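Presented below is the structure to which this report refers.
In the text below, chain A, chain B and the rest are named by the order of the sequence lines, each starting its count at 1. All heavy atoms count here, side chains included; hydrogens, waters and symmetry mates do not. All of these numbers come straight from a predicted model, not from anything done at the bench.
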2 protein chains.
Amino acid sequence: MSSEPSRKLTIYDLAKLANTSPSTVSAVLNGTWQRRRISRKLAQHILDLAEREGYSTNMQARALRRDRSGILGMILPLYDNRYFSSIAQIFEAEARRRGIFTIVACTNRDPDQEREAARMMLAYRVEHLICTGATNPDAIADLCRAAGVASLNLDLPGTAAPSVISANREGARRLTDALLDRLEAQQIDATRVLFIGGRVEDHNTRERIEGFRQARESRGLATAPTDVVPCDYAAEKAQAALEAYVEREGRLPAAMFVNSTISLEGIVRWLRLGGHDMNEIIMGCFDWDPLAAAFHPRLIMMRQDVTTMIARLFEWIDTPPADPTQCLEVMPEIVGTPAPRC
Amino acid sequence: MSSEPSRKLTIYDLAKLANTSPSTVSAVLNGTWQRRRISRKLAQHILDLAEREGYSTNMQARALRRDRSGILGMILPLYDNRYFSSIAQIFEAEARRRGIFTIVACTNRDPDQEREAARMMLAYRVEHLICTGATNPDAIADLCRAAGVASLNLDLPGTAAPSVISANREGARRLTDALLDRLEAQQIDATRVLFIGGRVEDHNTRERIEGFRQARESRGLATAPTDVVPCDYAAEKAQAALEAYVEREGRLPAAMFVNSTISLEGIVRWLRLGGHDMNEIIMGCFDWDPLAAAFHPRLIMMRQDVTTMIARLFEWIDTPPADPTQCLEVMPEIVGTPAPRC
DNA sequence: GATGGGTGCGCAATCGGTTGTGCAACTATT
DNA sequence: AATAGTTGCACAACCGATTGCGCACCCATC
């Protein structure tokens, strides 16, 4: 309201305006005035003044003095799929609800960028660092420990900090079961089922492969090495891998376990380009995307329970787990599997 | 490397270790040592020491003293579509390239959340605030001006700060042209073409409607009020709106201009549920999604040129435009329109 | 009238950097 | 040998908040 202030207003300015001291203004503005026995009248006066003059606390100064920044940091591989983008959104919303500020950085699945981002966040003195889907979570946990900052892993587990992840093995087992149920309902031979996408270096992929194997085994089905193709996540890689499989086998797999929506993109493109109908093949995807669901209603998807994962995360932010290497698994939910009909 | 430091290392600690003064350490660590005529030998010694002890500059203290935080803020409606998520990613990448730190907040297309996020960012003393797709960009521009912080609009224009947006009208014209070309090639009557999705309060939607209208008019086609249904972006709204249209008209439109991928989701779902084939109807979408492209190769999409938009944005961050209300339009690109064949 | 307890507020140190200024010590010049 | 210029660094005052401590004043009590 007041005319263009050349410099930003400080508590010293307010103190002058209110004819009182900076320490009093500070106490009023940060809510400790009752404890410091400031009269309600003066407090109200200062609050009105601050409001009218458009005062805004300098968080840098506060953070410096308090030795607490009020900032939570998160590093993330990417924003561009529904899983990671909902992690970012829900994380931010929950932090906002608690009056905490968040900083999120994308690191493109690159260990160097992960380290660099972590270093920056530590320089800004984040109070916790959430390490999501990191290629090398332990390296970051070490950086954090050296800086005296608590860190937590999300999506991919580490050994140096507590982790919240999806129940990948059990989820994969259920997804595979759903695929096999479909095959059975349609009386199709369940031999040629392909697991495609992901990285073997990646804990989640390994667990999902194991779940896939177990689900098949418990129905007496063997899993050949050629049935499992962790060709990385990229759409092009998945596309090429599927092409190679079909060339070798001479025909499409009867069903496919696709390890992410990004791999799904390559698979679908290849099928389309080859003039295939989506319903020629039974598909499951370990990840969820509503657009994909709209285009292909018979696609079975595992939706990871991001809301619960973030909730658990915040519980650990509030009270660190007793065991600092604990790994908590959150069950994902299967979606898009209408009762199997012939 | 050194054993668990109970407190974080400061320049005072390093000064003691190196037997020199804090000001010297500071100069060395922030790169001004040559100007301050610190000997190369001492500088190197201090740098080695800092490296070995794992020193990290306290950015809060630096920001306080320098009165510059080194932070760029951005508010964003959502992360969960490819357009906005790529804005976040490219913005962050470009800022990182310049050694600038970024803070992004999602505000869910809610004016209150937008204001609150802007206030927080100003409290953290961001140096610029980028206001993306804001429902009320001018309110935020006002907050920023009062705080002496430069603000810029992205995606949706405002009148109180410079804006970078897509060339919505011309883009819509081209997309509509592509639809009409397809109709012509397939010798289908071009009367029943539906524009669906978006909000009339929204500048971009209004411009796109105008582009749609102009493209039709230049081919001698009239646009009836019922041909334009800005039913909001949500998938459910689009789904319901399409259903209403079909009920009224007694059949599907021959072609559709879908105003966003989120609306597309509802459209596709409704068509699928109704047992329609995607190729019964010619569709264009003003936004781009690779998964949608994979599922529906004949879908025509406008891909907004986020890279260029962000580049322009940073040019204005470097050197503010002469006219503070300037609005720059960046041409989007049409993708997925293979040469029309019968 | 001295003592005790509560009320209401200000003083000054502090957080960890940054930066204008000053001042020894040394080298070159006349 | 006196003067001038350079080199290399340290002093100390900030930036804007927070917070332990102290002090004046008022009222009640013995």
Side-chain angles (χ1 to χ4, degrees), chain A residues 5-47 50 53-71 122-125 127 147-148, chain B residues 5-47 50 53-71 122-125 127 147-148:
Chain A
S6 60
R7 304 260 342 92
K8 284 231 55 164
L9 220 61
T10 72
I11 54 170
Y12 298 90
D13 303 323
L14 289 180
K16 250 169 228 146
L17 287 174
N19 236 320
T20 177
S21 75
S23 58
T24 299
V25 174
S26 171
V28 169
L29 293 176
N30 67 35
T32 59
W33 58 276
Q34 323 228 29
R35 199 176 339 127
R36 289 179 81 80
R37 294 191 314 241
I38 311 295
S39 67
R40 177 171 305 276
K41 186 159 167 288
L42 179 54
Q44 194 55 55
H45 178 220
I46 291 174
L47 285 173
E53 300 290 331
Y55 171 82
S56 138
T57 305
N58 185 325
M59 293 310 223
Q60 325 282 359
R62 168 175 290 177
L64 176 59
R65 183 57 238 250
R66 283 203 179 149
D67 200 22
R68 297 194 302 107
S69 63
I71 304 179
L122 292 173
Y124 278 95
R125 299 298 188 263
E127 296 181 20
Chain B
S6 61
R7 303 265 338 94
K8 285 232 56 166
L9 220 61
T10 71
I11 53 169
Y12 298 92
D13 303 323
L14 289 180
K16 251 169 227 146
L17 288 174
N19 237 321
T20 176
S21 75
S23 58
T24 299
V25 174
S26 171
V28 169
L29 292 176
N30 68 34
T32 59
W33 57 277
Q34 323 227 29
R35 198 175 342 126
R36 291 178 80 79
R37 294 194 312 241
I38 311 296
S39 67
R40 179 172 303 277
K41 186 158 169 286
L42 180 53
Q44 194 54 56
H45 179 221
I46 292 175
L47 285 173
E53 300 290 331
Y55 171 82
S56 137
T57 306
N58 185 326
M59 292 310 224
Q60 320 285 357
R62 167 174 291 178
L64 176 58
R65 184 55 241 245
R66 284 205 179 150
D67 201 22
R68 296 194 303 108
S69 63
I71 304 178
L122 292 173
Y124 277 96
R125 300 297 188 262
E127 296 182 18

Item to complete: Nearest-nucleotide wise, let me know which of B/Arg40 and B/Leu64 is further upstream toward the 5' end of DNA chain D.
Response: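 Going by which nucleotide is closer to the 5' end, it is B/Arg40.
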
Closest to the [X] side chain: [options]?
{"X": "B/Arg36", "options": "C/dG10, C/dG16, C/dG20", "value": "C/dG20"}
{"X": "B/Thr20", "options": "D/dA10, D/dT18, C/dG16", "value": "D/dA10"}
{"X": "B/Thr24", "options": "C/dG16, D/dA10, C/dG10", "value": "D/dA10"}
{"X": "B/Ser39", "options": "D/dA17, D/dC9, D/dA10", "value": "D/dC9"}

Spacing of [atom1] belonging to [X] relative to [atom2] belonging to [Y], to within rounding of 0.5 Å:
{"X": "B/Leu122", "Y": "A/Asn58", "atom1": "CG", "atom2": "CG", "result": "11.5 Å"}
{"X": "A/Gln44", "Y": "A/Ile38", "atom1": "CD", "atom2": "CD1", "result": "14.0 Å"}
{"X": "B/Ser26", "Y": "B/Arg36", "atom1": "OG", "atom2": "CZ", "result": "7.5 Å"}

Are any of [X]'s side-chain N or O atoms less than 4.0 Å away from OP1 or OP2 of [N]?
{"X": "A/Tyr55", "N": "D/dG16", "value": "no"}
{"X": "B/Arg62", "N": "C/dT18", "value": "yes"}
{"X": "A/Thr10", "N": "D/dG16", "value": "no"}
{"X": "B/Asn30", "N": "C/dT18", "value": "yes"}
{"X": "B/Ser26", "N": "C/dT18", "value": "yes"}
{"X": "B/Arg65", "N": "D/dC14", "value": "no"}

Could you tell me the separation between the [atom1] atom of [X] and the [atom2] atom of [N], rounded to a whole number of Å?
{"X": "A/Asn19", "N": "C/dG8", "atom1": "CG", "atom2": "C1'", "answer": "15 Å"}
{"X": "A/Arg35", "N": "C/dG6", "atom1": "CZ", "atom2": "P", "answer": "18 Å"}
{"X": "B/Leu9", "N": "C/dG17", "atom1": "CG", "atom2": "C1'", "answer": "13 Å"}
{"X": "B/His45", "N": "D/dC9", "atom1": "NE2", "atom2": "P", "answer": "12 Å"}
{"X": "A/Arg125", "N": "C/dG16", "atom1": "CZ", "atom2": "C1'", "answer": "9 Å"}
{"X": "B/Lys16", "N": "D/dA10", "atom1": "NZ", "atom2": "C1'", "answer": "15 Å"}
{"X": "B/Ile11", "N": "D/dA10", "atom1": "CD1", "atom2": "C1'", "answer": "13 Å"}
{"X": "A/Ile46", "N": "C/dG10", "atom1": "CD1", "atom2": "C1'", "answer": "12 Å"}

Item to complete: Please report the shortest heavy-atom distance between A/Ala61 and B/Leu64, naming the atom on each side.
Response: CB-CD1, 3.8 Å

Worksheet item: Where do B/Ala18 and B/Ile46 come nearest, in terms of heavy atoms and distance?
Response: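 What the structure gives for the nearest pair is CB-CG1, 4.2 Å.
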
Discussion item. Quick one: does any side-chain atom of B/Gln60 pair with a main-chain N or O of A/Tyr124 as donor and acceptor, under 3.5 Å?
Written reply: yes

Worksheet item: Of B/Leu14, B/Ile11, B/Thr10, which meets side-chain contact (heavy atoms from CB on, under 4.5 Å) against B/Pro22?
Response: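 Answer to the side-chain contact (heavy atoms from CB on, under 4.5 Å) test with B/Pro22 among B/Leu14, B/Ile11, B/Thr10: B/Ile11.
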
Worksheet item: A/Leu42 and side-chain contact (heavy atoms from CB on, under 4.5 Å): which partner among A/Asn19, A/Leu47, A/Thr24?
Response: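 For A/Leu42, the side-chain contact (heavy atoms from CB on, under 4.5 Å) check succeeds only for A/Thr24.
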
Practice prompt. Take the C1' atoms of the five end pairs on each side of the helix from C/dG1-D/dC30 to C/dT30-D/dA1, derive the two axes, and give their angle rounded to 10 degrees.
Written response: 70°

Item to complete: For A/Leu42, report the nucleic acid contact type (base, sugar-phosphate, nothing); a contact means any heavy atom under 4.0 Å.
Response: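 Since only primed, P, OP1 and OP2 atoms lie under 4.0 Å of A/Leu42, the category is sugar-phosphate.
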
Practice prompt. Take A/Arg62 and A/Asn30, measure what side chain to side chain contact (heavy atoms under 4.5 Å, CB included) needs, and give me the verdict at the end.
Written response: CA-CA 10 Å; A/Arg62 168 175 290 177; A/Asn30 67 35; 3.7 Å; yes

Identify each atom pair where a protein N or O and an N or O of nucleotides 22-27 of chain D are less than 3.5 Å apart, giving names and distance.
none

Fill in: Check against side chain to side chain donor-acceptor pair (under 3.5 Å), B/Arg125 and A/Ser56
CA-CA 10 Å; B/Arg125 300 297 188 262; A/Ser56 138; 3.2 Å; yes

